[in-house]
Amino acid sequence: MRVLVIGSGAREHALLLALRRDPEVESLSIAPGNAGTAAIADQYDVDITSGEAVAGLAQRLEVDLVVIGPEVPLVLGVADAVRRAGIACFGPSKDAARIEGSKSFGKELMTAAGVRTARSEVVDNPAHLDAALDRFGPDGGEAAWVVKDDGLAAGKGVVVTADRAAARAHAASLLEAGHPVLLESFLDGPEVSLFCLVDGETVVPMLPAQDFKRVGDNDTGPNTGGMGAYAPLPWLPEGVVAQIVDDVVKPVAAELVKRGSSFSGLLYAGLAITSRGPAVIEFNCRFGDPETQPVLALLETPLGRLLYAAATGGLADEPPLRWRDGAAVTVVLAAENYPSRPRVGDVITGSDVEGVLHAGTSRREDGAVVSSGGRVLSIVGTGADLSAAREVAYRVIKSIRLPGSHFRSDIALAAAQGRVGV
């Protein structure tokens with residue numbers, strides 16, 4: 001099987017490594033890739049938001065499967081163009097990808113499917129903002145305001161705060177930029193990321209994971225695209241994953257089929273395990289970053305065959321997934337100033353070791369690897385348990401040198417110490 005992966009982050013680096021372990025995968029290509037993926041796949045420079053360009057590259061390379069990593073090309077319909085070219089594609093159609101591309105559409109879909117989620121309201125007129133804020137947050141009897149960009153924002157369009165002024169300022173800035181605002185009720189309880197392979201109404205869950213969105217230790221500072229993650233979740237009660245599949249993912253997948261927008265690819269449910277049970281925060285239409293890194297590090301089932309089956313309507317015929325024993329922890333090394341405008345162009349040393357996945361990196365003409373984005377590297381540690389996996393990840397990240405870089409020191413710490421519970 002010849003596979004083309006679309007994207008340039010640590011998620012795509014993790015996908016390539018997992019695909020390389022599959023004996024049925026004979027060649028790997030990536031577009032556009034980064035300094036790390038260049039070592040394990042042929043790289044091509046292409047506009048990944050152009051369906052015509054991606055489909056054309058896939059045809060020239062004569063690949064059997066295209067795997068689209070990021071959400072933007074999926075929301076723009078790149079998967080549709082690949083399928084029209086007669087090539088199998090792991091990734092939903094433009095219609096189905098609206099579940100991530102429009103949070104209000106996702107909310108409407110969940111309501112129709114009877115899925116429990118936060119109460120919400122869309123505000124598209126600044127004149128209505130203050131009255132809407134009164135109905136949410138502490139003014140509305142909740143712990144905090146939850147203010148979201150209704151469209152794609154790379155994980156950084158969300159503000160959760162008990163400060164009305166901060167909530168209003170974020171909402172006003174979005175409206176000023178022409179973006180509708182989604183206000184939501186606050187959901188208590190620890191969060192869970194559950195990846196599900198979906199092929200129509202067939203749903204196959206992967207290991208549950210938990211990620212860390214805030215930039216600083218103890219969940220302080222602004223939201224980011226994700227500063228780390230771990231899997232599995234020792235604190236999650238047995239049976240909760242099956243409950244989420246039956247009560248959340250399958251009803252949503254069935255609703256999409258009913259609407260003629262059948263989902264094919266990876267449906268990612270972000271949930272809060274509240275005092276009243278699981279409730280959906282949001283859906284994403286692709287593998288999440290950084291959760292993909294620890295989840296795929298523990299996967300034993302050959303990934304290429306699995307993704308091809310989902311892309312071609314054969315997922316229901318695949319055997320149950322197999323997983324390695326133990327745990328995996330991912331810690332993100334971020335550039336100076338991230339999540340604001342990051343400093344780029346600095347030389348990275350010490351990254352050429354096992355467990356280091358590249359994201360915002362490139363290679364200069366002199367061969368040096370330099371930073372080229374906000375989240376620069378993702379370091380994955382595995383071990384018998386979370387404590388052992390943490391030890392490996394932090395030992396490696398502390399040996400890497402990047403001027404001004406920063407990382408969280410508490411990824412998976414509370415879970416490893418038994419301080420997370422439902």
*Classify the side-chain pair Y268/S193 by whether it contains a donor and acceptor separated by less than 3.5 Å.*
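Yes, because at least one side-chain N or O of Y268 sits under 3.5 Å from a partner of the opposite role on S193.
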
*Donor-acceptor side-chain pairing of T274 and R116 below 3.5 angstrom*: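 A pair is found: one side chain offers a donor N or O, the other an acceptor, under 3.5 Å apart.
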
Determine whether [X] and [Y] make a side-chain contact, defined as any pair of heavy atoms from C-beta on separated by less than 4.5 Å.
| X | Y | answer |
| --- | --- | --- |
| V181 | V147 | yes |
| V63 | I87 | yes |
| W235 | V422 | yes |
| L65 | T312 | no |
| N284 | E71 | no |
| F90 | I68 | no |
| R375 | D289 | yes |
| R2 | E26 | yes |

Please round to the nearest 0.5 Å and tell me the distance separating atom [atom1] of [X] and atom [atom2] of [Y].
| X | Y | atom1 | atom2 | result |
| --- | --- | --- | --- | --- |
| D217 | D410 | CG | CG | 4.0 Å |
| E108 | R98 | CD | CZ | 8.5 Å |
| R164 | L133 | CZ | CG | 5.0 Å |
| H170 | D163 | NE2 | CG | 13.5 Å |
| L183 | L129 | CG | CG | 7.0 Å |
| N337 | S405 | CG | OG | 12.0 Å |

*Before giving the answer on side-chain contact (heavy atoms from CB on, under 4.5 Å), spell out for R83 and S264 the whole-Å C-alpha distance, their side-chain angles and the decisive distance to 0.1 Å.*
CA-CA 11 Å; R83 292 192 184 96; S264 174; 3.9 Å; yes

*asked:* Does this structure show an ion pair linking R401 with D346, if we count only N-O contacts that are shorter than 4.0 Å?
replied: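 A salt bridge is absent here (no side-chain N lies under 4.0 Å from a carboxylate O).
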
*State whether K148 and E184 are salt-bridged, where the test is any N-O pair (Lys NZ or Arg NE/NH1/NH2 against Asp/Glu carboxylate O) under 4.0 Å.*
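Salt bridge: yes.
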
Under 3.5 Å, is there a donor-acceptor pair between the side chain of [X] and the main chain of [Y]?
| X | Y | value |
| --- | --- | --- |
| T292 | G288 | yes |
| S261 | D95 | no |
| D22 | G304 | yes |
| T224 | G226 | yes |
| K107 | E121 | no |
| S8 | P32 | no |
| R324 | A297 | yes |
| D124 | P180 | no |
| S372 | T361 | yes |
| E318 | L306 | no |

[X], [atom1]: over 12 other non-hydrogen atoms inside 6.0 angstrom:
| X | atom1 | result |
| --- | --- | --- |
| N125 | CG | yes |
| E52 | CD | no |
| E354 | CD | no |
| F195 | CZ | yes |
| E391 | CD | no |
| D45 | CG | no |

*asked:* Under the rule for salt bridge (Lys or Arg N to Asp or Glu O under 4.0 Å), what residues qualify as partners of D188, not counting sequence neighbours?
replied: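 Once residues adjacent in sequence are excluded, D188 has no partner under the salt bridge (Lys or Arg N to Asp or Glu O under 4.0 Å) criterion.
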
Measure across [X] and [Y] and return the closest heavy-atom pair with its distance rounded to 0.1 Å.
| X | Y | answer |
| --- | --- | --- |
| S378 | Q293 | OG-NE2, 3.1 Å |
| R408 | F212 | NH2-CD2, 3.6 Å |
| D80 | S93 | OD1-CB, 3.3 Å |
| L357 | H13 | CA-ND1, 3.4 Å |
| Y338 | A334 | CD2-CB, 3.8 Å |
| A389 | G383 | CB-N, 3.8 Å |

*asked:* Applying the side-chain contact (heavy atoms from CB on, under 4.5 Å) criterion to I411, which one of V331, I379, I397 satisfies it?
replied: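 Filter result, single survivor: V331.
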
*asked:* Given T37, which partner from the list E12, H358, Q43 fulfils the side-chain hydrogen bond (donor to acceptor under 3.5 Å, both in side chains) test?
replied: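 Filter result, single survivor: Q43.
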
*NZ or CZ of R11 within 45° of F287 ring axis and under 6.0 Å*: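 No, R11 does not lie over the aromatic ring of F287.
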
*Would V5 and L19 count as a side-chain contact (heavy atoms from CB on, under 4.5 Å) if you check the C-alpha gap in whole Å, the side-chain angles of each, and the deciding distance to 0.1 Å?*
CA-CA 10 Å; V5 174; L19 288 164; 3.7 Å; yes

*Might you work through the side-chain contact (heavy atoms from CB on, under 4.5 Å) test for F283 and L267, ending with a clear yes or no?*
CA-CA 7 Å; F283 278 104; L267 189 54; 3.9 Å; yes

*Assess whether side-chain contact (heavy atoms from CB on, under 4.5 Å) is satisfied between R214 and N223, documenting all intermediate values.*
CA-CA 4 Å; R214 298 294 185 105; N223 268 4; 3.1 Å; yes

